[in-house]
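The structure appears right after this line, and notes come after that.
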Amino acid sequence: MSEAAERVEAVRGRIRAAAQRAGRDPDEVTLVAVAKTHPPEAVQAVVAAGVRDVGENRTEELAAKQPRVTDVRWHHVGRLQTRAANEVVGRDVLLHGVDRRKLVDRIERLAAGLGVVQRVLVQVNVGDDPAKGGCDLSEVEDLVTYAAAQQHVDVEGLMTVPPLPEEGSDPNAAARPHFATLRELRDRLGLHHLSMGMSADLEAAVEEGATLVRVGTDIFGPRGPGPWTGPPGPLA
Ligand SMILES: *Cc1c(COP(=O)(O)O)cnc(C)c1O
């Protein structure tokens, strides 16, 4: 087995075990391999190992890799600058980092212009962490309602990045209450997706109901020195 295939299998095993503990079907959980800094060849290796969903946190990196890695579903994870929305809308990408009306407005205008419907998740700052993106807990319902009312925006669920755990503490235990909060919100709002869980805390995320886990390091190894660059592919 290739090293990439071994890493993917190890992560899938963790997802299966966590799903089993929670009485969930592991097929309800999609593994999004977060490829930031890694070259297209590394992404192709995990695709050969069966991964079908790839995430990037920079619009330019996503645009550059998209034409070089085929047969995958693309995800933009994390913060999205309003002025960079034009680099991803129209690329058939699920946007995980929609957290303000101004960004929704921009996405709606761009999607309408291209004649597409843009799929989004509303990012929530469940831990009220100033270092993280996401709207406040008190704003979620309003933002979901606002986005859902747009003709060219489809709200598929919620996403969160919990605060970094304190030194020496268990990341799963630290993240779990935040994941539980996001699930309650998702249920109350009647949405489908829950994007939560990364390399260090995917067990708690799956046990608390994640439908999308975003795993970088444990799939690709340590991150490279900076973003991978290349010319962008055309908009869809
Ligand atoms: C980088 C990143 C991940 C993956 O993080 P790892 O700890 O490397 O698994 C997940 N979500 C977002 C928003 C990221 O930026």
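Just so you know, these numbers use all the heavy atoms, side chains as well, and skip hydrogens, waters and symmetry mates. Both ligands and their constituent atoms are indexed starting at 1 by order of listing.
The two atoms that bring His96 and Gly78 nearest to each other are CB-N, 4.3 Å, heavy atoms only. Residues Pro162 and Asp201 share a closest heavy-atom pair of CG-OD2, 3.8 Å. In terms of heavy-atom proximity, Thr211 sits nearest to Arg24 at CG2-NH2, 4.4 Å.
Given atom 9 (O) of ligand 1, the protein heavy atom at minimum distance is Ser199 OG, 2.5 Å. Summary of contacts: the protein heavy atom closest to atom 2 (C) of ligand 1 is Lys36 NZ, 2.6 Å. Atom 8 (O) of ligand 1 has its closest protein heavy atom at Thr217 OG1, 2.5 Å. Counting protein heavy atoms only, atom 10 (C) of ligand 1 is closest to Met198 SD, 3.2 Å.
Ligand 1 places these atoms under 4.0 Å from at least one heavy atom of Val215: 9 (O). Every atom of ligand 1 with a heavy atom of Arg214 under 4.0 Å away is listed here by number and element: 4 (C), 9 (O), 10 (C), 11 (N), 12 (C), 13 (C).
The main-chain N or O of Asn57 is found under 3.5 Å from a side-chain atom of His76 such that the two form a donor-acceptor pair. Counting only distance, with no hydrogens or angles, the side chain of Glu141 and the backbone of Leu189 share no donor-acceptor pair below 3.5 Å. Between the side chain of Lys65 and the backbone N or O of Trp228, no donor-acceptor pair lies under 3.5 Å.
An N or O contact shorter than 3.5 Å links Gly216 to ligand 1 by distance.
Look at Arg223 and you'll find a heavy atom under 4.0 Å from some atom of ligand 1.
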